[in-house]
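From a predicted model like this one, the values you see are computed outputs, not experimental measurements.
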Amino acid sequence: MPTPPTQTPATNRFECIHQIGGIRTGAIDHPQPAGGQSCRVAWVNTGAGLSFTVALDRGGDIVDASYLGKSLAYLSPNGYKPPSHAYHHGVEWLTSWPGGLVTTCGPVHIGAPRGSGVPDRYNSLHGHYANTPAAIESIINPDPSRKRYDIRLDLVVRCTTMFGPNVEVRRAIACTLGEPSIQISDRVTNLSDAPVPHHWLYHVNLGYPLLDEGARLIYGGSYDWHWDTAEPPSPRPSARTFAAYKTVPAPMATHAADGQRGVVVVPKATRGVVTCGLVNRAADLGLMLRYPAKQLPRLANWQKFGPGGCYVTGIEPFAGSLQWDGNDTHPGTKSKLRPGQSASYDLTLTALHGQAALGALMKHDAGIGSGA
């Protein structure tokens, strides 16, 4: 039984649990083209000011998310498009991507398409997961009268191809009534009769008003590699450049169209746990991520501060490799799962407000240097 929330609800003051929190399922229609197109979703209310939408037809990823009436996530102009294998080639992933608080990438491939002459399972931006529907195994709503405060959604996603790979993902999304946190637990299993490549990334996409000029990105560690479309390639930017990466700017003209920048680090961990996120003191709002460093040994920070509304940063813990050009020397680059082998991942996201909570997250900030 989970720990009761700090303030337990008075059970004699409501008759329907959804008055204070829980899970409901339904569908969201997509307006273009009209008629018949919709995506299954689950609406989750934690009863603590944090509400979010789980896209059941998109692997159980989290799209809309708000805390105390303020949006946390970046949302793309695509809306909730139903999944389609048409998006499993090249960068067509971008045509259906709704954005959202958590987009899962993998399970066989993450990063850019590898190019012509390779199977589609390796030639799709960020892999097949986000365009694969999930099956619901169970829904648990809270029942304070029985001292049950857990809110839980159990899902199964299968990414399959004739002759393999055949990969199963069992996902649990769990909250505690009265607490503004989301726990994502994934177990990825190779059901094939041969080894399969395995790479896994959580694309946590933060948007306005949480993301705004002056907000501070909280992470640090040892430098791995970086990219910046507005600058010529360089072995490594200066410490001043990396310091500028940590403070969110106003929209940038250099980030119009496909302009962007980012950095990959081996993140700083405390007692084996990475704590990172974003603090916006002006809005009295923040988001904290926590996860075991061994499960997700590297962290990418993607920045796209476009002047036309595409204003987003991605905090992206990952295992495996984002690079397929042979230049990645990290030990986890050639990650594989043997037949029957599983890998587990755990990510907790907590919405924050109040200067004390934001200050506590700030203490986990660190520079980007030669050693974590």
Side-chain angles (χ1 to χ4, degrees), residues 30 32-33 37 39 55 57-59 61-63 73-133 157 159 161 165 167 197-207 225-231 233 252 254-264 298 300-328 333:
H30 188 269
Q32 295 177 337
Q37 287 204 324
C39 268
D57 279 341
R58 301 189 64 85
D61 281 338
I62 298 171
V63 185
Y74 165 76
L75 302 178
S76 85
N78 296 327
Y80 285 79
K81 284 188 176 180
S84 169
H85 292 294
Y87 305 123
H88 287 172
H89 184 77
V91 296
E92 287 301 306
W93 187 91
L94 295 171
T95 304
S96 69
W97 183 51
L101 188 65
V102 179
T103 301
T104 309
C105 305
V108 172
H109 169 72
I110 60 176
R114 293 183 68 179
S116 61
V118 298
D120 276 354
R121 58 181 172 269
Y122 308 113
N123 201 22
S124 168
L125 176 63
H126 283 318
H128 289 190
Y129 187 91
N131 270 304
T132 304
V157 179
C159 296
T161 304
V167 180
H198 173 53
H199 304 264
W200 197 249
L201 181 147
Y202 294 108
H203 216 293
V204 179
N205 309 287
L206 310 181
W225 56 281
H226 79 284
W227 70 98
D228 190 335
T229 59
E231 299 288 342
M252 302 167 61
T254 55
H255 281 201
D258 59 355
Q260 56 186 278
R261 67 188 184 190
V263 62
V264 175
R298 286 190 284 181
N301 176 217
W302 167 60
Q303 301 184 359
K304 168 66 175 171
F305 301 122
C310 188
Y311 187 78
V312 52
T313 191
I315 300 176
E316 307 169 21
F318 70 96
S321 179
L322 282 164
Q323 295 178 294
W324 290 90
D325 56 9
N327 293 327
D328 194 341
T333 298

When rounded to the nearest 0.5 angstrom, what is the spacing between [atom1] in [X] and [atom2] in [Y]?
X: Thr313; Y: Phe305; atom1: OG1; atom2: CZ; result: 4.5 Å
X: His89; Y: Leu125; atom1: NE2; atom2: CG; result: 12.0 Å
X: Glu316; Y: Asn301; atom1: CD; atom2: CG; result: 7.5 Å
X: Thr95; Y: Lys81; atom1: OG1; atom2: NZ; result: 6.0 Å
X: Gln303; Y: His255; atom1: CD; atom2: NE2; result: 7.0 Å

Task: Residues Ser321, Arg298; criterion side chain to side chain contact (heavy atoms under 4.5 Å, CB included); working and verdict - done: CA-CA 9 Å; Ser321 179; Arg298 286 190 284 181; 4.1 Å; yes
Task: Pairing residues for Asp228 by the salt bridge (charged side-chain N to carboxylate O under 4.0 Å, His left out) criterion, not counting sequence neighbours - done: none
Open item on the list: Taking the ring centre of each residue, are Tyr87 and Trp97 less than 6.0 Å apart?
Closed with: no
Open item on the list: Show, in sequence, the C-alpha distance, side-chain angles and deciding distance for Met252 and Arg261, and conclude whether the side chain to side chain contact (heavy atoms under 4.5 Å, CB included) test is met.
Closed with: CA-CA 11 Å; Met252 302 167 61; Arg261 67 188 184 190; 3.9 Å; yes
Task: Contacts of type side chain to side chain donor-acceptor pair (under 3.5 Å), residue His198, not counting sequence neighbours - done: Tyr345
For [X] and [Y], which heavy atoms make the closest approach, and how far apart are they?
X: Glu92; Y: Ala86; result: CB-O, 3.8 Å
X: Ala300; Y: Val264; result: CB-CG2, 3.9 Å
X: Ala319; Y: Ile110; result: O-CD1, 4.0 Å
X: Asn78; Y: Leu94; result: ND2-O, 2.8 Å
X: Thr132; Y: Pro83; result: N-CB, 4.4 Å

Task: Passing candidate, ring-ring contact (aromatic ring centres under 6.0 Å, His included) with His128, options His199, His109, His88 - done: His88
TODO: Any chance you could lay out the side chain to side chain contact (heavy atoms under 4.5 Å, CB included) test for Asp57 and Tyr80, step after step, and finish with the verdict?
DONE: CA-CA 9 Å; Asp57 279 341; Tyr80 285 79; over 6 Å; no
Open item on the list: Would you call the rings of His126 and His203 parallel, tilted or perpendicular, taking 30° and 60° as the class edges?
Closed with: perpendicular
Non-neighbouring partners of [X] that pass side-chain contact (heavy atoms from CB on, under 4.5 Å), sequence neighbours left out:
X: Ala256; answer: Pro307
X: Gln260; answer: Trp227, Thr229, Trp302, Lys304
X: Ala130; answer: Arg58, Asp61, Trp93, Thr103

Close side-chain approach of [X] to [Y], heavy-atom, < 4.5 Å:
X: Pro107; Y: Trp200; result: yes
X: Cys159; Y: Val108; result: no
X: Pro113; Y: Val91; result: yes

Open item on the list: Has Asn205 got a side-chain atom pairing as donor or acceptor with Gly100's backbone, closer than 3.5 angstrom?
Closed with: yes
Task: Residues in ring pair (Phe, Tyr, Trp, His ring centres under 6.0 Å) contact with Tyr74, at least two apart in sequence or another chain - done: none
